Amino acid sequence: MTISSSNFADKKTLIILTGPTGVGKTEYAIELAKRLKTEIISCDSRQFYKEMSIGTAAPSQKQLSQVKHHFIQHKSIVDYYNISMFEKDVFELLNTLFAKHSKVIMTGGSGLYIDIICNGIAQLPDADLELRTKLKNEYSNNGLAYIQNLLQKLDFEYFETVDLSNPNRILRALEVCMQTGTKYSEIRKFEALKRPFAIEKICLTREKSIIDQRINARTDNMIKDGLIDEAKSLYSFKGLQALNTVGYKELFSYFDENCSLNEAIEKIKTNTRRYAKRQLTWFRKDEKYVWVDIENLSSEEFLHKLINRIK
RNA sequence: GGCGUCGUAGCUCAGUUGGUAGAGCAGAGGACUGAAAAUCCUUGUGUCACUGGUUCAAUUCCAGUCGAUGCCA
């Protein structure tokens with residue numbers, strides 16, 4: 001393992017500890033935070049929500065009591081929250097944290113959220129949710145070709161580069177064009193920002209077959225720990241984006257009698273594996289990541305290697 | 001034991017009026033900047049159960065064997 005950073009020591013550093021779901025980020029981040037006597041920022045887009053605890057594998061009360069965590073269950077599923085708000089929240093917090101600590105840890109598996117913190121984000125107005133709903137309805141009433149045509153008229157440049165089969169991309173572009181009166185392709189341009197601190201990117205990993213085993217076991221444990229009741233209590237909110245989440249949507253389908261409980265559980269495992277795969281695709285693309293296979297590395301050995309670099 | 005149905009990709013199954021076969025799911029790879037645990041794209045050669053027979057040619061027709069399943073005894 002090589003973690004290279006010329007100015008790592010004595011410098012404000014954000015240590016990003018990511019990896020596919022189920023790899024063991026939470027435990028390793030806590031061990032590292034204890035050793036560095038610092039705090040943890042979560043960048044997990046589903047652990048933000050206080051109502052979703054079991055199904056998102058949020059850190060336990062015991063884990064939370066060991067190290068101060070931020071952005072874990074700080075929002076409600078009924079709140080609107082997005083990457084821009086997250087970026088703002090994180091930077092406000094980092095001002096405080098870097099005043100006390102030279103190293104701060106950020107852990108979680110939401111690749112886009114990590115990238116926003118590292119590179120910044122274009123200046124756009126906040127989403128107009130009424131307009132979003134209206135556009136969504138137009139899409140479901142008139143189909144994909146209709147919104148494609150609309151985009152062709154409003155922003156030809158983006159039309160030519162966007163993935164035209166992806167309705168979400170098209171809808172977002174239309175939303176911005178209509179809301180601002182400016183082309184999305186124009187307004188979204190931005191230069192990657194230089195952050196006033198160093199960033200170290202570490203991706204924890206294990207063999208895929210082992211990740212799969214861990215995902216299966218974790219899912220079974222979630223069921224034992226009461227995921228079904230948790231999902232039941234959130235059933236009436238199933239239309240919310242926060243609940244378009246692995247572990248919940250499959251159980252909602254079971255509650256709706258579209259499948260058996262066993263089928264739902266298998267589907268959770270499958271969808272979690274697929275999520276882990278998409279995460280790995282995301283992380284592979286960013287060559288700044290140092291990959292650490294932790295399968296045969298005790299947390300002590302892991303820390304030892306990491307800390308040697310940091311000191 | 002008798003009669004019938006079935007045995008095709010990891011799974012569920014199509015199909016070939018005889019010219020060696022294709023969907024869905026899974027798996028694999030990829031995209032991604034205010035929905036991101038979301039959303040989307042690409043990707044299917046397998047002794048067509050086995051052994052014989054008929055035929056220029058059999059996964060397809062015929063016989064037998066094995067396995068599954070149903071009905072009758």
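Remember, predicted model here, so these are calculated numbers, not experimental data. Proteins get letters first, then strands, A, B, ... in listed order; numbering begins at 1 in each. Hydrogens, waters and symmetry mates play no part in the numbers below; they use all other heavy atoms, side chains included.
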Suppose we call two aromatic rings close when their centres sit under 6.0 Å apart. Are [X] and [Y] close by that rule?
{"X": "A/Y113", "Y": "A/F48", "result": "yes"}
{"X": "A/H74", "Y": "A/Y81", "result": "yes"}
{"X": "A/Y146", "Y": "A/Y139", "result": "no"}

Original post:
Picking from B/A28, B/A36, B/G34, which would you name as closest to the side chain of A/N82?
Top reply: B/G34
Original post:
Of the candidate nucleotides B/A28, B/G30, B/A38, which contains the atom at the shortest distance from the side chain of A/V246?
Top reply: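 Of the options given, the side chain of A/V246 lies nearest B/A38.
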Phosphate OP1/OP2 of [N] contacted by [X] side-chain N/O (<4.0 Å):
{"X": "A/R278", "N": "B/G30", "value": "no"}
{"X": "A/K269", "N": "B/A26", "value": "no"}
{"X": "A/K249", "N": "B/A38", "value": "yes"}
{"X": "A/T281", "N": "B/G30", "value": "yes"}
{"X": "A/R169", "N": "B/U33", "value": "yes"}
{"X": "A/Y80", "N": "B/A35", "value": "yes"}
{"X": "A/N244", "N": "B/A36", "value": "no"}
{"X": "A/Y184", "N": "B/G34", "value": "yes"}
{"X": "A/R274", "N": "B/G27", "value": "yes"}
{"X": "A/Y113", "N": "B/A36", "value": "yes"}
{"X": "A/R273", "N": "B/A26", "value": "no"}
{"X": "A/R172", "N": "B/U33", "value": "no"}

Give the rounded distance in Å between these two atoms: [atom1] of [X] and [atom2] of [N].
{"X": "A/W282", "N": "B/G30", "atom1": "CH2", "atom2": "C1'", "result": "13 Å"}
{"X": "A/D212", "N": "B/A26", "atom1": "CG", "atom2": "P", "result": "14 Å"}
{"X": "A/Y139", "N": "B/C40", "atom1": "OH", "atom2": "C1'", "result": "10 Å"}
{"X": "A/L171", "N": "B/A36", "atom1": "CG", "atom2": "P", "result": "15 Å"}
{"X": "A/I77", "N": "B/A35", "atom1": "CD1", "atom2": "P", "result": "18 Å"}
{"X": "A/Y248", "N": "B/A35", "atom1": "OH", "atom2": "P", "result": "21 Å"}
{"X": "A/L112", "N": "B/A38", "atom1": "CG", "atom2": "C1'", "result": "10 Å"}
{"X": "A/D89", "N": "B/G34", "atom1": "CG", "atom2": "P", "result": "17 Å"}

Which is true for [X] with a 4.0 Å heavy-atom rule: it touches a base, it touches only sugar-phosphate, or it touches nothing?
{"X": "A/T56", "answer": "base"}
{"X": "A/G111", "answer": "nothing"}
{"X": "A/G247", "answer": "nothing"}
{"X": "A/A122", "answer": "base"}
{"X": "A/D44", "answer": "base"}

Looking at [Y] and [X], is any side-chain nitrogen of the basic one under 4.0 Å from a carboxylate oxygen of the acidic one?
{"X": "A/D44", "Y": "A/K25", "result": "no"}
{"X": "A/E300", "Y": "A/R35", "result": "yes"}
{"X": "A/K134", "Y": "A/E130", "result": "no"}
{"X": "A/K208", "Y": "A/D212", "result": "yes"}
{"X": "A/K100", "Y": "A/E39", "result": "yes"}

[N]: pairing nucleotide in any strand, Watson-Crick or G-U under 3.5 angstrom:
{"N": "B/U59", "result": "none"}
{"N": "B/U42", "result": "B/A28"}
{"N": "B/G64", "result": "B/C50"}
{"N": "B/C3", "result": "B/G70"}
{"N": "B/A23", "result": "B/U12"}

Measuring only the [atom1] atom in each nucleotide, how far is [N] from [M]? A whole number of Å is fine.
{"N": "B/A49", "M": "B/U5", "atom1": "C1'", "value": "16 Å"}
{"N": "B/C6", "M": "B/U60", "atom1": "C1'", "value": "15 Å"}
{"N": "B/G19", "M": "B/A57", "atom1": "P", "value": "14 Å"}
{"N": "B/G10", "M": "B/U55", "atom1": "P", "value": "35 Å"}
{"N": "B/U39", "M": "B/U47", "atom1": "P", "value": "35 Å"}
{"N": "B/C25", "M": "B/G67", "atom1": "C1'", "value": "26 Å"}
{"N": "B/U45", "M": "B/C3", "atom1": "C1'", "value": "38 Å"}
{"N": "B/U33", "M": "B/U8", "atom1": "P", "value": "44 Å"}

**OP:** Pull up the glycosidic torsion of B/G34 and say syn or anti, syn being anything within 90° of 0.
**Re:** syn
**OP:** Name the residue closer to the 5' end of RNA chain B, choosing between A/D163 and A/L124 according to the nucleotide with the nearest heavy atom.
**Re:**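 The residue mapped nearer the 5' terminus is A/L124.
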**OP:** Name the residue closer to the 5' end of RNA chain B, choosing between A/S165 and A/P125 according to the nucleotide with the nearest heavy atom.
**Re:** A/P125
Original post:
Do A/N166 side-chain and B/U39 base share a donor-acceptor contact under 3.5 Å?
Top reply: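 Checked by distance alone, the answer is yes.
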**OP:** Decide yes or no, distance alone: a donor-acceptor N/O pair under 3.5 angstrom between the base of B/G27 and the side-chain of A/K277.
**Re:**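 Donor-acceptor pair under 3.5 Å: no.
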Original post:
Do the numbers put A/K201 on top of the ring of A/Y289, so that NZ or CZ is under 6.0 Å from the six-membered ring centre and no more than 45° off the axis?
Top reply: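 Satisfied, under 6.0 Å and within 45°.
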